[in-house]
Amino acid sequence: MIRRFVIGTPLDTEAVLHKPEVDQGVLPYFTIEGTTLGMKLAKEDVVYGLGENVRGINKRGWIYESNCTDQPHHHENTRSLYGAHNFFIVKGQEHCFGLFVDTPGRVIFDIGYNRVDDMKVTLENEDYELYLLEEDTPEAIVHAFRELIGQSYVPPKWAFGFGQSRWSYFTAEEVREVARGYRENQIPLDMIYLDIDYMERYKDFTIDREAFPDFEELVAEMKAQGIHLIPIIDGGVKVEEGYDVYEEGVKHHYFCKDVDGDDFTVGVWPGKCHFPDMLNEEAGRWFGRKYKVLMDMGIEGFWNDMNEPAIFYSEKRLKKVFEKVGDFKDINLDLKNFNAFQDLVGNVSNNPEDYKSFYHNYKGQKIRHDKVHNLFGYYMTRSAQEAFEELEPEKRVLLFSRSSYIGMHRYGGIWMGDNKSWWSHLLMNLKMLPSLNMCGFMYTGADVGGFLEDTTEDLLLRWMALGIFMPLFRDHSALNTRRQEAYVVEDKAAVRGIISLRYRLLPYIYSEFMKATLKNTMYARPLGFVWPEDPEAVETEDQLMIGESIMIAPVYEQNKSGRTVYLPEEMKLLRFDGAVLAEEQVLAAGRHYIKVGMNEVVIFVRKGHILPLAQPAQCVAEMDWQDLTLVHFAEEGTSYELYDDDGISRRVSLEGSLRTLTV
Ligand code: MIG
């Protein structure tokens with residue numbers, strides 16, 4: 001049952017398009033004091049959800065903030081990343097409900113942080129909507145929630161292949177080198193990502209013609225090899241006379257204004273920028289149509305970055321800083337003064353005051369940015385996808401974003417942002433996936449190998465062995481880090497084998513992804529969702545169910561030749577030596593120490609289930625979806641419903657897309 005409560009006169013975020021009638025009753029479970037909802041958690045209550053956040057699948061014991069932030073430190077104490085996913089589930093003996101707090105401003109979720117048994121949800125805005133979902137199980141709650149917020153975005157099938165990214169491949173020649181690195185080593189690849197340096201002076205929708213003189217040819221040449229080039233688009237537009245996006249934006253008042261009514265000026269990559277008013281329908285439509293410039297060059301996919309939006313500095317703050325910084329020149333920089341000096345300069349980026357100093361025109365109303373802060377990335381991505389629907393009415397276009405709000409899941413995926421080449425971030429990648437699925441984000445994954453810091457060969461291989469189960473499977477790495485393309489790995493056979501296994505698994509991964517998307521269920525589930533009555537399963541947070549048939553338990557620690565795996569029930573272990581199935585063994589329920597070589601991937605098949613496998617291929621386009629091998633732990637006559645379609649039409653449905661495979 002879904003109940004909708006409206007407090008005050010909230011802005012419509014359009015997270016929910018078809019709203020149920022307003023409930024006039026009192027919200028159960030919570031007390032409301034001012035803008036704080038409070039609740040006593042029972043000892044055994046587990047709190048699921050909150051999408052993109054650090055820490056566990058069970059969110060208890062920390063405090064989180066929905067305040068979309070360009071946050072490169074995904075540390076244990078980090079409260080806020082790029083997304084605002086205000087949906088959580090409380091599950092215990094007496095509690096089994098979900099709550100969606102629909103507000104575009106900041107929200108704080110204290111889940112037993114200040115007091116172990118207290119949950120407090122504090123909103124910055126006084127007007128908001130609440131959706132309370134009461135069902136028998138967390139899975140049923142997620143299903144009801146997903147029905148409420150609408151069907152998740154479906155990318156093209158080729159976007160389930162493997163992608164290579166780096167900040168940056170600086171020239172066309174470097175891009176060709178990457179393609180060669182993969183093809184010559186026979187490591188599969190479907191995408192190469194272009195980071196900011198393909199642009200001319202970091203201007204959206206331009207090409208640096210010195211570095212990429214034959215851009216259109218390059219796109220075609222790559223496509224002929226089955227590789228799609230995926231350029232980045234940033235949230236800020238460079239201030240530059242003669243640059244059409246800038247000129248048009250100024251002329252039509254499409255940029256966010258400051259308090260004086262001038263175009264709000266910030267510094268981002270190109271230096272001075274304006275923010276397109278993504279929340280203004282007309283401005284959004286205009287910005288969305290700009291992607292056509294690149295689509296006309298053959299581009300079929302994009303990633304939207306810096307759309308929290310990230311601010312290096314605002315022009316006005318910077319001016320004040322320069323005025324004040326001189327004060328420190330001739331004084332003794334003791335502890336207090338030195339700290340003040342550092343704060344003055346250090347707080348210039350993403351300063352909360354700057355987010356209060358510009359305005360949107362949202363549905364005809366002038367609204368200060370901080371009141372609607374969490375919608376910027378959502379509306380940037382939404383206007384792009386809505387433009388694609390006009391420009392390419394038949395074909396799916398790949399799109400994912402860094403910042404997001406619930407509702408954006410209908411228009412694009414997200415990637416998990418600037419992680420580090422740390423073992424703990426491999427595990428965080430695993431834990432974040434089901435939480436995102438709960439909130440509607442299906443096409444997602446982390447930067448495999450880690451974005452910031454230098455990776456090591458073992459970390460990269462182990463991360464690949466998890467990454468092959470992520471819908472978005474991409475290796476990405478930051479400026480000045482050591483190279484981490486698959487072909488630089490010494491043990492080529494190992495990395496080739498693991499990535500090839502991804503392709504062998506693709507019919508299953510795509511089928512499970514599409515069925516979950518079309519039925520509003522989850523692609524990746526915590527064990528506690530499948531075995532809610534088994535306390536050990538509920539507490540297992542380093543394993544996941546992927547689709548209906550398989551469980552994964554990746555190795556996420558260095559210098560380990562294996563790990564302990566918990567089986568809630570009897571399962572069949574499949575050991576892959578790279579892409580080759582090398583061993584099948586039935587294991588009893590309970591704990592097992594499982595050896596996993598650096599070249600291996602171990603998968604557990606549930607009883608009564610089937611795992612279809614394809615032949616490996618160099619890219620999705622070359623795959624044969626008919627010639628499948630059925631590995632199984634099932635009796636004769638058991639069948640699997642394989643979802644398949646042409647992989648590119650926008651219209652998707654279960655009807656006509658299911659094929660029964662029987663063993
Ligand atoms: O502040 O475009 O998360 O993937 O490589 C860095 C450069 C800006 C952040 C993105 C990252 C990308 C990088 N961008």
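Note that ligands are numbered from 1 as they come in the structure, with each ligand's atoms numbered from 1 the same way. Only this structure's heavy atoms are used, side chains among them; waters, hydrogens and symmetry mates stay out.
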Exercise. Non-hydrogen atoms closer than 4.0 Å to ligand 1: which protein residues do they belong to? List them by chain and number, please.
Key: Trp167, Asp195, Ile196, Ile232, Trp269, Trp303, Asp305, Met306, Arg402, Trp415, Asp418, Phe451, His476
Exercise. State which residues pass salt bridge (charged side-chain N to carboxylate O under 4.0 Å, His left out) with Arg106; sequence neighbours excluded, sorted by chain then number.
Key: Glu65, Glu124
Quiz prompt | Partner residues of Asp418 under the salt bridge (charged side-chain N to carboxylate O under 4.0 Å, His left out) criterion, sequence neighbours left out | solution = Arg402
Practice problem: Using the side-chain contact (heavy atoms from CB on, under 4.5 Å) rule, take Leu459 and Trp422 through it: C-alpha gap first, then chi angles, then the decisive distance, then the call. | Solution: CA-CA 8 Å; Leu459 177 59; Trp422 289 354; 5.8 Å; no
Practice problem: Test Glu240 against Lys272 for salt bridge (charged side-chain N to carboxylate O under 4.0 Å, His left out), laying out the working first. | Solution: CA-CA 8 Å; Glu240 188 184 284; Lys272 279 188 200 173; over 6 Å; no
Exercise. Sort and list the pairs that fulfil salt bridge (charged side-chain N to carboxylate O under 4.0 Å, His left out) and have at least one residue in residues 341-351, not counting sequence neighbours.
Key: none
Quiz item: Regarding Arg396 and the six-membered ring of Trp158, is the cationic atom NZ or CZ under 6.0 Å from the ring centre and inside 45° of its axis?
Solution: no
